[in-house]
Every structure is written in C-alpha cells, then in structure tokens.
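As structure tokens, the structure follows; a few thoughts come after it.
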Amino acid sequence: MTSGDRRYMLKAGEGLGGSRTFLGQPLRMLATGRETGDEITVFERRAERAFSTPWHVHHIEDEAFYVLSGELEVACGDARWRAETGAFVFLPHSVPHAFRVVSDEAVTLHLTQPSGFEEFAAEMADTELSDANLPAVAEAAHRAGYEVLGPSPFPPGK
C-alpha cells in the first residue's frame, strides 16, 4: 500500500489493534486517524444493561452513533431521548452529553470527527468505570480534549 492508498477491509469481528475494552465494555476500533488522515474515528461499542457514561463534553470532536441493536437513554444538553434499534444520534462538540443502556445489551456504531478518540480509548482500555476511578478517567479525558462534568445524569439501578 502506498502512502496515498488507504484502502483496507476488516472481516466480521475484526478490529484494529485486536480485541479491547473501553471502560469495561467491549470496543472494536474500525478506523482511526492513522487510516483516515486524522479525519474521523469509527468504532463499534457493545455495552451491558445499566452501563452509563459520565456526564461529559467533547471540546473538539462531534460524536454521532447509530444504534445497531438495543435501546439507550441519551442526554444531550437539556434534551432527553430514547434511542432504539435503528436510531441515529448526533452529539455536537461543546454540548454536555451521556447515555445509558436500558436493554439487556446495546450495540452502537460511533463516529467522532475529527479523529483522536482512539487515543483516549487506548489509555482507558483496561479501566473499569466506577466512582473510585472517575478522577483517573477525568484526567485522561482532559488530556484528550474532553471534560468529565460529573457522574451519569441517569438515576442508578435501571
């Protein structure tokens, strides 16, 4: 492959960098800045019921995701949505957001633009999301251009 030829294909189940997790949930990296000229990051995320991201904001990247299966609650600024299989969600940079899985499992296809999320994901690969390590997650997020504003905005236990 020449430097100008960035074509590639991943087979079903394959991911760049092999099998990994992100905040304790399986993540399959499909495209990073290396493959896209720093334009976009694409990844598949699998998450179990009640998994929730902290309330956070991306200062640089827009994020979008398509729900391949399952159901999520999504908070973006003062908007609240229920995203079921087939739903598409766009989360613009500079607007705080979070999501929580409300089905047994959810599978989502995420895109962040510009690329860079992959570096944060690699740093947090083996870190479980818990109240005890939220400060470490917040520090890594800050280095990546994100800000953790607090715990999940969703009530616990669902």
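As the structure is a computational prediction, the values presented were derived from the model and not from experiment. Count residues from 1 along the sequence.
- For the atom pair Asp62 CG and Thr112 OG1, the distance stands at 9.5 Å (nearest 0.5 Å).
- Residues Glu84 and Val67 form no side-chain contact, since every pair of their non-hydrogen atoms from C-beta on lies 4.5 Å or further apart.
- With hydrogens and angles ignored, the 3.5 Å screen pairs no side-chain donor or acceptor of Arg100 with any backbone N or O of Ala75.
- A donor-acceptor distance shorter than 3.5 angstrom exists from the side chain of Arg49 to the backbone of Val102, with no hydrogens or angles considered.
- Taken from NE2 in His58 to CZ in Phe120, the straight-line distance is 8.0 Å, to the nearest 0.5 Å.
- If you chain together hydrophobic residues whose side chains sit under 4.5 Å apart, Tyr66 and Leu10 fall into the same group.
- The side chain to side chain contact (heavy atoms under 4.5 Å, CB included) search around Glu48 returns Gln25, not counting sequence neighbours.
- Pro114 is listed as a side-chain neighbour of Glu61, based on a closest heavy-atom distance under 4.5 Å.
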Less than 3.5 Å apart, which donor and acceptor atoms pair up between the side chains of residues 35-42 and the rest of the protein, not counting sequence neighbours?
residue	atom	partner	partner atom	Å
Glu35	OE1	Thr32	N	2.8
Glu35	OE1	Thr32	OG1	2.4
Thr36	OG1	Thr32	O	3.1
Thr36	OG1	Glu39	N	3.3
Thr36	OG1	Ile40	N	3.1
Thr36	OG1	Ile40	O	2.9
Thr41	OG1	Gly116	N	3.3
Thr41	OG1	Glu118	OE1	2.4

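- Taken to the nearest 0.5 Å, the CG atom of Leu27 stands 9.0 Å off from the OG1 atom of Thr108.
- Looking only at side-chain heavy atoms (C-beta outward), Pro151 and Ser52 stay at 4.5 Å or farther from each other.
- Distance alone, capped at 3.5 Å, is enough to place a donor-acceptor pair between the Thr21 side chain and the Ala125 backbone.
- The aromatic rings of Phe117 and Tyr146 sit tilted, their planes meeting at an angle between 30° and 60°.
- Using a distance-only test at 3.5 Å, with no hydrogens or angles considered, no donor-acceptor pair links the side chain of His97 to the main chain of Gly77.
- Within the model, atoms CZ of Arg6 and CZ of Arg34 stand 12.5 Å from one another, a figure rounded to the nearest 0.5 Å.
- Listed by chain and number, the residues in a ring pair (Phe, Tyr, Trp, His ring centres under 6.0 Å) with Phe99 are Phe65 (sequence neighbours excluded).
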Would Glu73 and Arg80 count as a salt bridge (charged side-chain N to carboxylate O under 4.0 Å, His left out) here? Give the steps. CA-CA 7 Å; Glu73 290 179 315; Arg80 300 293 183 268; over 6 Å; no

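- Met29 CE to His110 NE2: the interatomic distance, rounded to the nearest 0.5 Å, is 10.5 Å.
- Checking His93 against His59 by side-chain atom types alone, no donor-acceptor pair falls below 3.5 Å.
- For the pair Val89/Leu72, no side-chain contact is recorded, criterion being any heavy-atom separation below 4.5 Å from C-beta on.
- In this structure, CG in Leu109 is found 7.5 Å from CD in Glu44, a value given to the nearest 0.5 Å.
- Although no hydrogens or angles enter the test, the distance criterion places a donor-acceptor pair under 3.5 Å between the side chain of Ser152 and the main chain of Phe154.
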